[in-house]
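So the structure is just underneath, and the comments pick up after that.
Worth knowing before you read on, the calculation uses all heavy atoms, side chains too, and leaves out hydrogens, waters and symmetry mates.
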Amino acid sequence: MTTPPTPQAPGQITLGTARGRWVVTATVLGSSMAFLDSTVVNVALPTIGRELHTSLAGLQWTVTAYTLTLAGLILLGGSLGDRFGRRRVFLIGVIWFALASAVCGVAPDIGVLVVARAVQGIGGALLTPGSLAIIQSTFAQDDRPRAIGAWSGLGGVAGAVGPFLGGWIVGSIGWRWIFLLNLPLAAAVVLVTVRHVPESRDPDAHGRFDIAGSALTALALAGITEALIEAQSGQPAVVTVSAAVGLAAGTAFVLLERHRGRHPERVPPMLPLSIFRNREFTAINVITFFVYGAMGAVFFLLVLTLQVVAGFSPLEAGLSLLPSTVILLLLSARAGAWAQKLGPRWLMTGGLLTVAIGLLLLTRIGPHASYLADVLPAVAVFGLGLSVTVAPLTATVLASADDRHAGIASGVNNATARAAGLLAVAGLPAVVGLTGDALYSPSQLNSGFHEAMVICAGLMVLAALLAALLIDNDVLRPAGGQQRPEPECLTNCPVGAPPLEPLARMDDPPPADRH
């Protein structure tokens, strides 16, 4: 007697089966754990500053330490999953993230918290690329778009819940539970993943890893970040040495990747520099740098200003950001369709100018600001602009690169966005005079916030100008007139970074040299 075969192997599982739903559950919970942590930490920053008696620089490091290791190692994390098994590396990342979260939750001072956040970022670099890679490699080709849509939609729900959850936790049971709640969530992810997610790997992944390239990337970002943050401390020797180390490491990285690009049979380069010969790909990454740098600074300073200057509670500050997330959730998919019909150039240009208007409206926030009159119009316009910007931007990144470099292109764009946010949070406060104990001076923080919003609006205008001048409006229509598949932008990517995987080409087999 024989039993009918059931789709159990990687690449054969269907979404309508129980196992398919468990796979989506595991990946959504895993990616949401990392995403929720970043959003709720921002809401908790003023409370962390008061309880741990730290300056604004301490809060900057609380944010940037995590982003630093995440941005520096995320491409390596994807390569490790391809080689050693995506489920295995995903599980290691989840457990690593949870253990680091436990240390964050019991940190006695800001120094321990910052170190634990950096370690937490390593776990994020392992689990973040694995989440979507598992979806791509596990589901049958016909079911893959629906599985990605379910993953993306549920991730959007997590994005909407994040600020509210963070505000409630901080205002009720305390900021430490932002990190400690990751422990039971991680346990659930591990249980579901071990029981229901099949292992998969890239059989064509071979050769040595570019560990030196990843280390130089992290060192370059660390040196420049340290220089930018310490620029406000009045210690020129520290700033000079840190900047020199960062620039030297960055230069060494470029030289190393150029050498490895000439001899890929020895060690494949983490970043093939030849990809930047495409002018449009380079331009869209410069635009990404400006856009996500500005957004990183906005989300860092806005929650501080709402609580310290306007007197909002943590819950109220978290809820204040909800309209922009909802607008993104509702309009991002439509913006992808509009980009195909109208072209990405003018849609991105208009969206970025709309974002700039929203940022200028944020300068209305001050002492005793009214949410309905001063905050809601600004975040609504801001969210509207982002919703018609991010999907065309993501689609253009993928369309401007060769098919064989689709995975690398999306990974580079993701790393560019994270690095931009890291450097903006590190450097912009000093530029606008937010140094030392500015966190405890509402008038100083308010003045610096207004100036920062004007600068960020200027960056959006500059990005809009670059989009208008350098983006080919027909880039989403390849030769022959056939349109590329509609991009499914992740609903949470505007806050963190664009997708790591080429979502617009999920029906294609992954190229062997992706990483």
Point to revise | Pairing residues for Arg87 by the salt bridge (Lys or Arg N to Asp or Glu O under 4.0 Å) criterion, not counting sequence neighbours | key: none
Point to revise | Pairs where residues 42-70 contributes a residue and the test salt bridge (Lys or Arg N to Asp or Glu O under 4.0 Å) is met, not counting sequence neighbours | key: none
Point to revise | Close side-chain approach of Leu393 and Ile287, heavy atoms under 4.5 Å | key: yes
**Study point:** By ring-ring contact (aromatic ring centres under 6.0 Å, His included) - contacts of Tyr371 (at least two apart)
**Key:** none
Exercise for review: State, yes or no, whether a side-chain contact exists between Phe449 and Leu434 at a heavy-atom distance under 4.5 Å.
Suggested key: no
**Study point:** From CD1 (Ile95) to CG (Leu126), nearest 0.5 Å
**Key:** 11.0 Å
Distance-only donor-acceptor pairs under 3.5 Å for side chains of residues 352-361, two or more places apart:
from	atom 1	to	atom 2	distance (Å)
Thr354	OG1	Gly350	O	2.8

Review point. Taking the side chain from Gln60 and the backbone from Ile229, do they hold a donor-acceptor pair closer than 3.5 Å?
Key: no
Check your understanding: Measuring from Ser101:OG to Leu99:CG, what's the distance to the nearest 0.5 Å?
Key -> 8.5 Å
Point to revise | Distance-minimising heavy-atom pair for Ser324 and Val379 | key: CB-O, 3.4 Å
Identify all side-chain donor-acceptor contacts of residues 104-118 below 3.5 Å with residues at least two apart in sequence or on another chain.
from	atom 1	to	atom 2	distance (Å)
Asp109	OD1	Gly111	N	3.1
Asp109	OD1	Val112	N	2.9
Arg117	NE	Thr62	O	2.9
Arg117	NH1	Asp37	OD2	2.7
Arg117	NH1	Gln120	OE1	2.8
Arg117	NH2	Thr62	O	3.4

Check your understanding: Under 3.5 Å, is there a donor-acceptor pair between the Ser55 and Asp437 side chains?
Key -> no
Study note, to complete from the structure: Minimal heavy-atom distance between Ala310 and Ala369, with the atoms involved, is CB-CB, 4.1 Å
Practice item. For Ser32 and Val28, indicate whether the former's side chain and the latter's backbone hold a donor-acceptor pair under 3.5 Å. Key: yes
Exercise for review: Could you tell me whether the side chain of Glu257 and the main chain of Val254 form a donor-acceptor pair under 3.5 Å?
Suggested key: no
Exercise for review: Mind checking the CZ-OG spacing from Phe164 to Ser320? Nearest 0.5 Å is all I need.
Suggested key: 13.0 Å
Check your understanding: Hey, is the main chain of Val239 close enough, under 3.5 Å, to the side chain of Glu230 for a donor-acceptor pair?
Key -> no
Check your understanding: Is any side-chain heavy atom of Arg418 less than 4.5 Å from a side-chain heavy atom of Thr128?
Key -> yes
Revision key, fill the gap. Across all chains, not counting sequence neighbours, the salt bridge (Lys or Arg N to Asp or Glu O under 4.0 Å) partners of Arg364 are Asp374
Practice item. Spell out, as yes or no, whether a donor-acceptor pair under 3.5 Å connects the side chain of Ser131 to the backbone of Thr27. Key: yes
Check your understanding: Just checking, Arg83 and Phe209: is the charged tip under 6.0 Å from the six-membered ring centre and within 45° of the axis?
Key -> yes
Check your understanding: Within a strict 4.5 Å, meaning less than it, do heavy atoms of the Val41 and Trp175 side chains meet?
Key -> no
Please table the atom pairs, donor to acceptor, closer than 3.5 Å between any side-chain atom in residues 424-432 and protein atoms at least two apart or in another chain.
none

Point to revise | side chain to side chain donor-acceptor pair (under 3.5 Å) partners of Glu451, counting only residues at least two apart | key: none
**Study point:** Value rounded to 0.5 Å, distance of CG in Leu180 from CH2 in Trp177
**Key:** 5.5 Å
Check your understanding: Going through the checks in order, is the side chain to side chain contact (heavy atoms under 4.5 Å, CB included) test met by Leu91 and Val194?
Key -> CA-CA 8 Å; Leu91 283 171; Val194 169; 4.0 Å; yes
**Study point:** Side-chain heavy-atom pair Leu423, Phe289 within 4.5 angstrom cut-off
**Key:** yes
Point to revise | Atom of Met460, atom of Val291 and distance for their closest heavy-atom approach | key: CE-O, 3.5 Å
Review point. Are Leu271 and Leu75 close enough, and set up right, to give a side chain to side chain contact (heavy atoms under 4.5 Å, CB included), and what steps lead you there?
Key: CA-CA 9 Å; Leu271 175 59; Leu75 293 179; 5.5 Å; no
Point to revise | Where Leu256 and Ala212 come nearest, the two heavy atoms and their spacing | key: CD2-CB, 3.9 Å
Review point. Testing Val40, Leu181, Leu315 for side-chain contact (heavy atoms from CB on, under 4.5 Å) with Ile169, which one passes?
Key: Leu181
Practice item. Would you indicate whether the side-chain heavy atoms of Ile48 and Leu59 approach each other to under 4.5 Å? Key: yes
Which atom pairs, donor and acceptor, lie under 3.5 Å between side-chain atoms of residues 215-225 and protein residues at least two apart or in another chain?
from	atom 1	to	atom 2	distance (Å)
Thr217	OG1	Gly213	O	2.9
Thr225	OG1	Leu221	O	2.6

Check your understanding: Are any side-chain N or O atoms of Thr193 and backbone N or O atoms of Val190, one a donor and one an acceptor, separated by less than 3.5 Å?
Key -> no
**Study point:** Criterion side chain to side chain contact (heavy atoms under 4.5 Å, CB included) on Thr54 and Trp61, from CA distance to verdict
**Key:** CA-CA 11 Å; Thr54 186; Trp61 272 116; over 6 Å; no
Exercise for review: Using the ring-ring contact (aromatic ring centres under 6.0 Å, His included) rule, collect all pairs that involve residues 85-108, keeping only residues at least two apart or in two chains.
Suggested key: none
Revision key, fill the gap. Interatomic distance, CZ@Arg86 vs CG@Leu80, rounded to 0.5 Å, equals 12.0 Å
Review point. Closest heavy-atom contact between Ala98 and Ala186?
Key: CB-CB, 3.5 Å
Point to revise | Non-neighbouring partners of Phe281 that pass ring-ring contact (aromatic ring centres under 6.0 Å, His included), sequence neighbours left out | key: Phe276
Study note, to complete from the structure: Shortest non-hydrogen pair, Glu226 vs Val238, comes out as OE2-CG1, 3.7 Å
Check your understanding: Among Val326, Leu330, Ile327, which residue meets the side-chain contact (heavy atoms from CB on, under 4.5 Å) test with Ser387?
Key -> Ile327
Donor-acceptor contacts under 3.5 Å from residues 294-309 side chains, at least two apart:
from	atom 1	to	atom 2	distance (Å)
Thr305	OG1	Leu301	O	2.9
Gln307	NE2	Val43	O	2.9
Gln307	NE2	Val303	O	3.3

Review point. At what distance, to the nearest 0.5 angstrom, does CD of Gln444 lie from CG of Leu439?
Key: 10.0 Å
